[in-house]
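Reviewing the structure listed below.
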Amino acid sequence: MSVSPSPKKELATIAIFTVAVLAMPIWLAPIGAAYPDLLQKFAIFGIFAIGFNILFGLTGYLSFGHAAFLGVGSYTAVWSFKLLTMNVLPAVIFGTVLAGLFAVLIGYVSLRRSGIYFSILTLAFAQMSYNLAYSVLTPITNGETGLQLTQQDPRIIDSMFVEAGAGLPSTTLFGLKMSGYPGFYFCAVVLIIGFWISLKIFNSPFGMKLKAIKSNQTRMGYTGFNTRPYLLVAFVISGMYAGLAGSLMAATDPLAGAERMQWTASGEVVLMTILGGVGTLIGPLLGAGVIKYFENIFSSYNENVLHQIFAALPDPLEDAVVAVTSLFVGEGWHLTLGTLFMVIVIFLPGGIVEGARRLKSLVLRPTVRKYGFKTDQPTTRS
Amino acid sequence: MDAIFLQILNGLDKGGAYALIALGLTLVFGTLGVVNFAHGALFMMGAFCVVTLQKVLTIAKRVKDPSVTFFDAYKEQPYLEIWFGDTGRAIIDYVVPISILLAIPIMLIVGVAMERGLIRYFYKRAHADQILVTFGLAIVLQEIIKSFFGANPIPVSAPHVVAGSAAIGSLVGLGDAVVYPWWRLIYLLFSGVVIFGVFAFLQYTTYGMVVRAGMADRETVGLLGINIQRRFTIVFGLATVVAGLAGVMYTPVLPPDYHMGMEFLVLSFVVVVVGGMGSLGGAVTAGFLLGVLQSFSSMTEVKAIIPGIDQIIIYLVAVVILLVRPRGLMGRKGVMES
């Protein structure tokens with residue numbers, strides 16, 4: 001058994017993925033999701049979830065503090081816009097690198113413990129960052145208002161080349177404005193690169209070691225591996241992904257707030273990963289897409305819309321149905337999310353990917369159960 | 001000196017709430033081995049028992065206001081007041097203590113239902129799964145409360161008699177200038193009583209002895225022919241009641257809103273970990289300790305030296321403790337070590 005699939009197969013995977021991502025505006029149009037703002041969110045949260053999955057999916061270490069890296073990425077990117085240039089490339093690079101440095105620091109300390117202690121340690125660090133961002137670090141983070149661009153920003157590099165315009169400048173990639181579709185395609189390209197790196201990690205000996213840590217860390221130790229460096233590298237990589245996602249958020253919409261670092265935001269990425277399928281390549285992306293899509297759709301519904309949808313029902317029934325469903329949409333979208341999450345954890349711990357696999361095996365294997373054969377084993381061998 | 005004394009009281013007060021929630025968390029963890037992220041939501045539900053009762057008691061009728069004689073003025077008068085006069089008014093005034101009677105059965109039912117309906121399927125699953133499913137449950141509970149009561153905090157007042165401040169300074173020889181709100185003193189006392197009650201229950205009753213035996217070695221107790229599972233379910237209910245009562249009594253201090261539980265949950269988990277996973281005494285000690293530390297670090301003098309320390313002190317202590325004493329202050333060997 002070889003560790004990694006053939007390079008050809010890998011290439012095919014990445015090619016299909018590239019086409020699928022770049023064509024998102026086309027194939028998502030029928031479900032009403034093909035507008036740039038939402039597509040950007042798909043890509044950004046996809047990156048976040050892919051990165052989180054490298055840590056949680058491969059090593060089994062559940063971090064509840066990844067939002068801190070997201071926040072660091074955002075703040076760094078906005079500062080890069082303020083001080084240097086409106087070009088997104090340096091902002092993204094700075095955001096990723098700084099989040100990585102942060103991850104080295106937090107990871108080095110947190111990874112001394114495992115299990116729930118690790119979760120609590122990361123949670124503690126994230127809450128510390130969040131609280132500090134709100135209080136003492138106000139000069140850097142601008143506290144509750146959030147960090148925004150202003151007219152007075154120096155923008156050293158930009159001011160050398162062009163005269164500052166009248167309004168606030170917008171983020172660009174060498175002159176190409178990063179709003180709307182260009183913004184999405186930029187995020188999409190980053191997502192494809194991120195996916196490719198994650199694919200490489202999954203199939204590499206390094207990825208195998210991470211999986212081995214998940215299945216039995218003690219045995220890894222007896223085999224002669226010091227697991228901590230591997231864990232730290234995984235933690236830092238996944239922190240950098242989070243930083244990257246954060247800086248992309250700032251690149252498409254140049255402001256940063258402390259609420260991005262709150263632990264509920266960390267909870268969200270855990271949700272996405274679980275929903276899609278922990279430890280699978282594509283799962284976290286699916287999870288991110290599904291959650292962001294439904295968040296968008298569901299939270300825009302209100303009672304009037306519901307009344308229109310159920311107009312065909314008889315009136316008393318219609319009122320009853322609307323009364324129940326209205327709990328789950330609009331403001332109550334989180335209720336749907338929480339319920340969905342519980343259902344997934346209880347019944348389908350493998351997430352969407354697991355569900356698809358089960359469905360596939362149901363469809364592809366014609367059942368002969370009624371004759372008393374087990375379909376799992378080849379029945380023709382006897 | 002005055003300031004320090006008041007800060008200690010403040011800290012013990014806050015610590016009381018932490019200790020009560022952490023105690024429940026530890027009980028559940030020690031008996032069932034389940035990490036319950038929905039515990040903060042139970043605290044919140046306790047608080048909303050008060051809100052519900054207050055809403056019910058103050059259902060009002062529009063009556064003519066006799067004090068205005070120039071024109072027809074109307075005011076809202078609760079039915080209780082109309083029917084029972086002063087007695088009715090007193091009942092409304094004492095809504096918080098009365099809620100305790102309401103909260104105990106409600107929280108017990110909620111707890112037992114939760115354990116039988118959800119938690120028991122998660123004994124054997126990974127801690128990560130337990131965290132995730134209870135986290136989901138916490139979101140669901142929160143959102144249900146939110147859809148009924150709205151997102152804004154709902155003020156609840158303590159009984160009129162204890163609304164003011166106690167001249168506590170003269171009692172300890174610090175002069176009359178040192179005063180402290182009555183209700184917070186009551187809360188401190190209350191948390192002490194509840195904690196003592198739980199410990200006494202576990203220490204001095206046969207039932208509690210069996211539960212402790214089950215915590216130490218579940219299998220052997222089961223082999224002795226005792227239905228340990230049912231007792232653990234009751235213990236889960238007990239933990240729920242403790243969390244609920246902590247919430248009930250906390251309402252006059254902090255107007256309840258739907259996400260108050262989450263804030264307390266995060267802190268209480270830190271408290272549990274600092275105290276040592278599975279150690280009841282550790283949870284209580286750590287709760288009071290962290291409460292006092294937090295209130296000291298929020299003094300202006302301290303903040304002048306280390307800015308922002310009040311925001312992070314608890315987490316900082318947790319990080320240091322976990323690294324220096326991995327089992328927490330009083331953690332036992334072999335608990336949660338994998």
Side-chain angles (χ1 to χ4, degrees), chain A residues 56 60-62 64-65 106 109-110 112-138 216-218 262-264 267 270-271 273-274 278 326-328 330-347 349, chain B residues 29 35 37-38 118 121-122 125-144 146-148 150-151 258-259 262-263 265-267 269-270 272-274 277 303 306-320 322-323 326-328 331 336-338:
Chain A
F56 182 43
Y61 275 63
L62 173 58
F64 251 97
I106 294 182
V109 180
S110 306
R112 299 168 71 95
R113 314 282 299 131
S114 65
I116 183 173
Y117 292 107
F118 172 78
S119 302
I120 300 281
L121 274 173
T122 46
L123 178 61
F125 276 114
Q127 282 301 96
M128 268 199 257
S129 326
Y130 168 71
N131 286 347
L132 287 178
Y134 253 124
S135 57
V136 241
L137 294 182
T138 307
N216 194 334
Q217 177 147 211
T218 322
Q262 212 178 359
W263 74 288
T264 41
V270 182
L271 270 163
T273 316
I274 299 276
V278 188
S326 68
L327 280 180
F328 290 89
E331 295 268 291
W333 139 253
H334 280 106
L335 184 56
T336 321
L337 194 64
T339 320
L340 180 74
F341 187 47
M342 280 176 70
V343 169
I344 290 281
V345 178
I346 296 170
F347 298 110
Chain B
F29 183 77
V35 183
F37 257 52
L118 179 70
Y121 301 106
F122 279 80
R125 289 182 55 176
H127 284 302
D129 281 355
Q130 298 169 349
I131 292 178
L132 294 170
V133 82
T134 46
F135 180 60
L137 180 66
I139 297 176
V140 169
L141 291 176
Q142 268 189 19
E143 292 300 316
I144 291 173
K146 185 179 156 196
S147 69
F148 277 107
Y258 73 102
H259 56 74
M262 282 290 183
E263 286 146 29
L265 175 84
V266 176
L267 287 174
F269 250 104
V270 173
V272 170
V273 170
V274 168
M277 213 70 197
K303 273 200 284 193
I306 319 168
I309 185 72
D310 57 321
Q311 303 287 332
I312 59 167
I313 180 77
I314 287 193
Y315 304 108
L316 210 58
V317 170
V319 169
V320 172
L322 274 188
L323 296 178
R327 277 183 209 126
M336 278 299 301
E337 286 175 0
S338 51

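Given the structure is predicted, the values throughout are model-derived calculations rather than measurements. Side-chain atoms are counted along with the backbone in the values below, which use heavy atoms only and exclude waters and symmetry mates.
- Side-chain contact annotation: A:Q217 with A:Y61, donor-acceptor N/O pair under 3.5 Å present.
- Interface remark: B:L267 contributes no atoms to any contact with chain A (heavy atom separation under 4.5 Å).
- Taking chain A as the reference chain and counting heavy-atom pairs below 4.5 Å, the highest number among B:V270, B:L316, B:I139, B:V140 is found for B:V140.
- When each of B:I313, B:L141, B:V266, B:L118 is checked for heavy-atom pairs under 4.5 Å with chain A, B:V266 comes out on top.
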Test side-chain contact (heavy atoms from CB on, under 4.5 Å) applied to A:Q127 and B:I314, step by step: CA-CA 10 Å; A:Q127 282 301 96; B:I314 287 193; over 6 Å; no
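- The distance from the CZ atom of B:F269 to the CD1 atom of A:I116 is 4.5 Å, given to the nearest 0.5 Å.
- Taken to the nearest 0.5 Å, the OH atom of B:Y315 stands 7.0 Å off from the CG atom of A:L123.
- Residue A:F125 touches chain B through its side chain alone, counting heavy-atom pairs closer than 4.5 Å.
- Using a 4.5 Å cut-off between heavy atoms, B:L323 touches chain A through its side chain atoms alone.
- By the 4.5 Å heavy-atom criterion applied to side chains, B:E143 and B:Y258 are counted as neighbours.
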Working for side-chain contact (heavy atoms from CB on, under 4.5 Å), residues B:F29 and B:H127: CA-CA 11 Å; B:F29 183 77; B:H127 284 302; 3.8 Å; yes
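- Between chain B and the residues A:H334, A:M128, A:R112, the largest count of heavy-atom pairs under 4.5 Å involves A:M128.
- Of the listed residues A:S135, A:S119, A:G60, the one with more heavy-atom pairs under 4.5 angstrom with chain B than any other is A:S135.
- Considering only heavy-atom pairs separated by less than 4.5 Å from chain A, the leading option among B:S147, B:G136, B:A151, B:A128 is B:G136.
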Steps toward side-chain contact (heavy atoms from CB on, under 4.5 Å) verdict (B:F37, B:L137): CA-CA 8 Å; B:F37 257 52; B:L137 180 66; over 6 Å; no
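- In terms of modelled atom types and a separation under 3.5 Å, the side chain of A:T122 and the main chain of A:F64 share a donor-acceptor contact.
- For A:I274, the part lying under 4.5 angstrom from a heavy atom of chain B is the side chain only.
- With a 4.5 Å cut-off on non-hydrogen atoms, A:I120 touches chain B through its side chain but not through its backbone.
- The parts of A:V345 that come within reach of chain B are both its backbone and its side chain, each placing non-hydrogen atoms under 4.5 angstrom from that chain.
- Looking at A:V270, the atoms closer than 4.5 Å to chain B (heavy atoms on both sides) all sit in the side chain, from C-beta outward.
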